[in-house]
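Each remark here refers to the structure printed beneath this line.
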There are 2 protein chains.
Amino acid sequence: MNKNPNFIGSYFYSLDTKNRLAIPAKFRLLIPNGQTLILSQGLEGCLELYPSNSWRLLSEKLENISIKNKKDKRAFKRILFSNASEVQFDEEGRVLIPQLLIDYAALKKDAAVIGLGEKIEIWAKHLWVPYYKKQKNLFIQQASKIEL
Amino acid sequence: MNKNPNFIGSYFYSLDTKNRLAIPAKFRLLIPNGQTLILSQGLEGCLELYPSNSWRLLSEKLENISIKNKKDKRAFKRILFSNASEVQFDEEGRVLIPQLLIDYAALKKDAAVIGLGEKIEIWAKHLWVPYYKKQKNLFIQQASKIEL
DNA sequence: CGCATGGTGGGGAAAAGTGGGGAATTGTGA
DNA sequence: TCACAATTCCCCACTTTTCCCCACCATGCG
């Protein structure tokens with residue numbers, strides 16, 4: 001049951017006035033009932049949503065990174081943890097997004113929810129669309145070099 | 001039930017005129033009812049708040065730590081313990097912070113409460129914000145090296 | 001059509017953070 | 001021993017946020 005989830009696909013949903021965002025039913029089916037999720041800042045201005053297992057794996061990985069300096073290591077952990085937040089589904093399968101993370105990701109009404117295997121990314125649609133367009137060409141170039 | 005707590009996330013609360021500081025409800029839920037907490041000096045000018053279990057773990061760790069100089073070890077322990085203070089929640093989930101520790105952490109009205117797994121750190125906001133900004137870059141450099 | 005499912009929206013109760021009054025406690029010095 | 005001041009603690013009150021619940025509507029499918 002607790003196999004690694006495999007989130008796939010993109011969905012365009014809307015954030016309501018109470019900062020709630022629906023998570024696709026297909027994704028919810030991959031998450032054990034009642035389990036909490038970790039919502040965190042991602043790279044390129046998106047948010048990352050992890051089942052708590054996956055986040056634990058990630059944070060252990062990050063913590064074992066070789067940072068020589070203990071002081072840097074403490075700083076690293078502080079940033080990692082302070083950017084994250086525990087969230088859970090309401091009865092309708094939505095998640096309440098903390099204001100801090102709304103601001104970070106510049107979320108307005110329209111949001112994109114992207115399945116990326118073990119994690120789910122959440123983008124402001126106005127950021128996702130140009131990013132997608134720009135990267136798509138790059139993707140095609142790269143793909144032609146790669147054997148699939 | 002008494003599993004290791006796992007405090008996650010950052011909250012910006014305010015210290016009132018009676019030196020009381022709210023602890024996030026999400027954190028309180030992880031602490032058995034009626035349990036006292038240990039508040040002590042942390043590194044980089046913050047305060048550390050431990051559930052008594054975590055505090056016990058910390059002091060055991062401290063015993064086994066290898067500091068060549070025994071004198072340094074004693075000194076470190078003295079500072080840590082002498083400034084530590086037992087605190088408990090009032091009816092509203094707040095904690096009274098002793099004047100000594102207020103001064104140590106340069107706490108003004110605005111405070112940041114950071115969940116770091118087994119412990120909670122408390123920062124003066126005016127210290128946390130620049131610290132956060134500065135360390136975030138290091139974090140991004142490290143994080144972008146990691147594949148998940 | 002009729003029913004089930006999935007996303008959206010909102011009312012309202014409950015919880016959470018903030019502030020302060022005032023009693024109880026503690027400590028100090030006369 | 002007493003008086004006084006400072007501190008701590010127990011309440012209560014107010015505002016905002018969160019959460020439970022229901023209702024609506026579009027879609028898909030037998």
Side-chain angles (χ1 to χ4, degrees), chain A residues 7-31 33-39 47 49 84-103 107-115 120 122-125 128, chain B residues 5 7-31 33-39 49 83-104 107-115 120 122-125 128:
Chain A
F7 306 113
I8 292 174
S10 56
Y11 297 81
F12 297 91
Y13 289 164
S14 62
L15 201 71
D16 67 23
T17 55
K18 293 180 178 179
N19 290 348
R20 294 174 300 189
L21 179 67
I23 301 301
K26 286 212 175 129
F27 292 177
R28 265 181 281 142
L29 287 176
L30 302 175
I31 298 169
N33 217 322
Q35 180 169 338
T36 65
L37 303 166
I38 308 294
L39 183 63
L47 301 181
L49 184 64
S85 172
E86 252 188 334
V87 298
Q88 50 196 24
F89 294 125
D90 70 5
E91 300 297 316
E92 285 70 38
R94 291 172 294 195
V95 142
L96 180 69
I97 305 193
Q99 191 59 48
L100 200 71
L101 295 178
I102 297 260
D103 295 341
L107 280 170
K108 312 284 180 223
K109 188 168 194 313
D110 292 318
V113 182
I114 318 290
I120 299 166
I122 297 169
W123 288 71
K125 190 177 176 186
W128 171 253
Chain B
F7 305 112
I8 294 176
S10 55
Y11 297 82
F12 298 91
Y13 288 165
S14 62
L15 202 71
D16 67 22
T17 54
K18 294 179 177 181
N19 290 347
R20 294 174 299 189
L21 179 67
I23 302 300
K26 286 221 174 112
F27 293 177
R28 267 181 281 143
L29 287 176
L30 303 175
I31 299 170
N33 217 322
Q35 180 170 335
T36 65
L37 303 165
I38 311 294
L39 183 63
L49 184 63
N83 294 314
S85 156
E86 254 191 334
V87 297
Q88 50 196 20
F89 294 125
D90 70 5
E91 299 297 316
E92 285 71 37
R94 291 172 294 194
V95 141
L96 180 70
I97 305 192
Q99 191 59 46
L100 191 73
L101 294 177
I102 297 261
D103 295 340
Y104 172 78
L107 279 170
K108 312 281 181 226
K109 189 170 194 310
D110 292 317
V113 182
I114 316 289
I120 298 166
I122 297 168
W123 289 68
K125 190 176 177 186
W128 171 253

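Every value quoted in this text rests on a predicted model; they were computed, and no experiment measured them. Letters A, B, ... mirror the listed sequences (proteins, then strands); counts begin at 1.
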Picking from C:dA16, C:dG7, C:dT18, the nucleotide nearest the side-chain atoms of B:A22 would be C:dT18
Check if the side chain of B:R94 and the base of C:dG19 share a donor-acceptor pair of N or O atoms closer than 3.5 Å.
-> yes
Any donor-acceptor pair under 3.5 Å joining the side chain of B:K26 to the base of C:dG17?
-> no
Want to settle it: does B:L96 or A:P98 sit nearer the 5' end of DNA chain D, counting the closest nucleotide to each?
-> B:L96
Assign each of A:N19 and A:D90 to its nearest nucleotide of DNA chain D by heavy atoms, then name whichever residue's nucleotide is nearer the 5' end.
-> A:N19
Winner on side-chain proximity to A:T17, out of C:dG10, C:dG22, C:dG6, is C:dG10
Take the protein atom CD of A:Q99 and the nucleotide atom C1' of C:dA16, then report the distance between them rounded to whole Å.
-> 17 Å
Between the base of C:dG17 and the side chain of B:K109, is there any donor-acceptor pair under 3.5 Å?
-> no
For the residue pair A:L96 and A:R20, establish whether any side-chain heavy-atom pair is separated by less than 4.5 Å.
-> yes
B:Y13 OH to C:dT18 P, in whole Å, measures 7 Å
How is B:I23 classified with respect to the nucleic acid when contacts are heavy atoms under 4.0 Å: base, sugar-phosphate, or nothing?
-> sugar-phosphate
Sort out for me which residue in A:Y11, A:Y13, A:F89 forms a ring pair (Phe, Tyr, Trp, His ring centres under 6.0 Å) with A:F27.
-> A:Y11
Return the value, rounded to whole Å, for the distance between atom CD of A:E92 and atom C1' of D:dC22.
-> 8 Å
Nearest-Å distance, CD1 (B:I97) to P (D:dT7)?
-> 16 Å
Between A:S85 and B:I8, which heavy-atom pair has the shortest distance, and what is it?
-> N-CG2, 4.0 Å
Whole-Å distance separating the CZ atom of B:F89 from the C1' atom of C:dG17 | 14 Å
Compute the bend angle of the helix from C:dC1-D:dG30 to C:dA30-D:dT1 from the end axes (five pairs per end), rounded to 10°.
-> 30°
A:I122 vs A:L39 side-chain heavy atoms within contact, under 4.5 Å = yes
Take atom OH of B:Y11 and atom P of D:dT17, then tell me their distance rounded to the nearest Å.
-> 15 Å
So do B:L15 and B:L21 actually touch side chain to side chain, heavy atoms under 4.5 Å?
-> yes
What one should report as the nearest heavy-atom pair of B:P24 and B:V113 is CD-CG1, 3.7 Å
So do A:L37 and A:I120 actually touch side chain to side chain, heavy atoms under 4.5 Å?
-> no
With side chains defined as the heavy atoms from C-beta onward, is the minimum distance between B:I23 and B:L49 less than 4.5 Å?
-> yes
Interatomic distance, B:I102 CD1 vs D:dT8 P [rounded to whole Å] | 10 Å
Look at the side chain of A:R20 and the base of C:dG10, then say whether one donor and one acceptor between them are separated by less than 3.5 Å.
-> yes
Of the candidates C:dT18, C:dG17, D:dC20, the side chain of B:S14 sits closest to C:dT18
Atom CD of B:Q88 to atom P of D:dC9: distance rounded to whole Å?
-> 7 Å
